[in-house]
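This is the structure I want to talk about, given as structure tokens.
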Amino acid sequence: MKQVFPDNDLSRVKKLEIYNYALRNSRSVTDSTRIKWYTDFFKDSTNYYRKESIDRERGEKATYRITFISKEDTLDLSVYPAKSRDKIVAAFLDPYDPNDPWKFRRYNRFYIHDQVLDSLKANLK
């Protein structure tokens, strides 16, 4: 199955919302240094596994959600448990179109380096 990557402009993100599904715990991040780390991480092409084909979904539940919030756009990423060493699955829905609220929105999945999991765990302590 082909991977689909988000193409949102993360340069204007002013706030992050991080949610841990297991603990039902969320935290807002407004510190510009932390926000920059996350946006740089998702902009850096070396953190992606672009040439791999993604496995079919197996009904696993997401462990975390990261919401990138800016005035122009919002990107909700679900983060799933590690598939293998160094690699996790992240997913997002196609953007909502207010002009066509019933339009089908695909659930897009991709592989990314698992370093983001350590940061998510640290931010929720």
Worksheet entry | Heavy-atom pair with the smallest gap, counting every atom of Ser53 and Tyr111 |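 Closest heavy-atom pair between Ser53 and Tyr111: O-CE1, 3.7 Å.
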Worksheet item: Is there a donor-acceptor pair under 3.5 Å between the side chain of Asn20 and the backbone N or O of Asn25?
Response: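 Looks like no, no N/O pair under 3.5 Å.
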Worksheet item: Would you say Tyr19 and Arg27 make side-chain contact, with heavy atoms under 4.5 Å?
Response: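 SC-SC contact between Tyr19 and Arg27 ruled out.
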Fill in: Close side-chain approach of Val116 to Ile66, heavy-atom, < 4.5 Å
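In short, these two side chains touch, coming nearer than 4.5 Å.
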Worksheet entry | Lys87 to Tyr49, cation-pi by 6.0 Å centre distance and 45° axis angle |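 Satisfied, under 6.0 Å and within 45°.
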Discussion item. Consider side chain to side chain contact (heavy atoms under 4.5 Å, CB included). Of Phe68, Phe42, Phe110, which one does Pro6 pass it with?
Written reply: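 Exactly one candidate clears the test, Phe110.
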Discussion item. How long is the straight-line distance from CG of Leu23 back to OG1 of Thr63, given to the nearest 0.5 Å?
Written reply: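 Output value for this atom pair is 10.5 Å.
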Worksheet entry | Shortest non-hydrogen contact from Phe5 toward Phe92 |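 Residues Phe5 and Phe92, closest heavy atoms: C-CZ, 3.6 Å.
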Practice prompt. Check whether any side-chain N or O of Arg105 sits under 3.5 Å from a backbone N or O of Asp94 as a donor-acceptor pair, and report yes or no.
Written response: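 Side chain of Arg105 to backbone of Asp94, a donor-acceptor pair under 3.5 Å: yes, one is there.
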Worksheet item: Which heavy atom of Leu10 sits nearest a heavy atom of Thr39, and at what distance?
Response: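 Looking at all heavy atoms of both residues, the shortest contact is O-CG2, 3.4 Å.
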Discussion item. Other residues, nucleotides and ligands only: do more than 12 of their heavy atoms fall within 6.0 Å of NZ on Lys36?
Written reply: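 Counting neighbours around NZ of Lys36, 12 or fewer heavy atoms of other residues, nucleotides or ligands fall under 6.0 Å, so no.
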Worksheet entry | Side chains of Ile54 and Val89 in contact at under 4.5 Å (non-hydrogen atoms) |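 Counting from C-beta outward, Ile54 and Val89 do come under 4.5 Å.
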Item to complete: Measure the CD-OH distance between Glu60 and Tyr80 for me, rounded to the nearest 0.5 Å.
Response: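 Taking CD in Glu60 and OH in Tyr80, the distance rounds to 8.5 Å.
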Practice prompt. Enter the distance from Tyr48:OH to His113:NE2 here, rounded to the nearest 0.5 Å.
Written response: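 Taking OH in Tyr48 and NE2 in His113, the distance rounds to 13.0 Å.
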Item to complete: Over 60° means perpendicular and under 30° means parallel, so classify the ring planes of Trp37 and Phe41, tilted if in between.
Response: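 If you compare the ring of Phe41 with that of Trp37, the planes turn out parallel.
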Worksheet item: How far does CG of Asp40 sit from CD1 of Ile35, to the nearest 0.5 angstrom?
Response: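 Answer for the CG-CD1 pair, Asp40 versus Ile35, is 11.5 Å.
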Worksheet item: Residues in side-chain contact (heavy atoms from CB on, under 4.5 Å) with Thr67, at least two apart?
Response: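 For Thr67, the residues satisfying side-chain contact (heavy atoms from CB on, under 4.5 Å) (neighbours in sequence not counted) are Glu17, Arg65, Ile69, Thr74, Asp76.
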Worksheet item: To the nearest 0.5 Å, how far apart are CD in Gln3 and CZ in Arg50?
Response: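 The CZ atom of Arg50 is 8.5 Å from CD of Gln3, to the nearest 0.5 Å.
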Practice prompt. Kindly determine whether Ile18 and Tyr38 satisfy side chain to side chain contact (heavy atoms under 4.5 Å, CB included), including the steps that lead there.
Written response: CA-CA 11 Å; Ile18 300 173; Tyr38 281 99; 3.8 Å; yes
Fill in: Linked, directly or transitively: Leu93 and Met1 (ILVMFWY side chains, under 4.5 Å)
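Linked, Leu93 and Met1 end up in one cluster.
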Discussion item. Given 3.5 Å as the limit, does a donor-acceptor pair link the side chain of Thr30 with the main chain of Lys14, or not?
Written reply: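 Side chain of Thr30 to backbone of Lys14: no pair is present.
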Worksheet entry | Distance (rounded to the nearest 0.5 Å) between Ser70 OG and Asn8 CG |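 Going from the OG atom of Ser70 to the CG atom of Asn8 covers 8.0 Å.
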Worksheet item: What closest approach, in Å, do Tyr96 and Pro101 show between heavy atoms, and which atom pair accounts for it?
Response: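 It is OH-CB, 3.3 Å.
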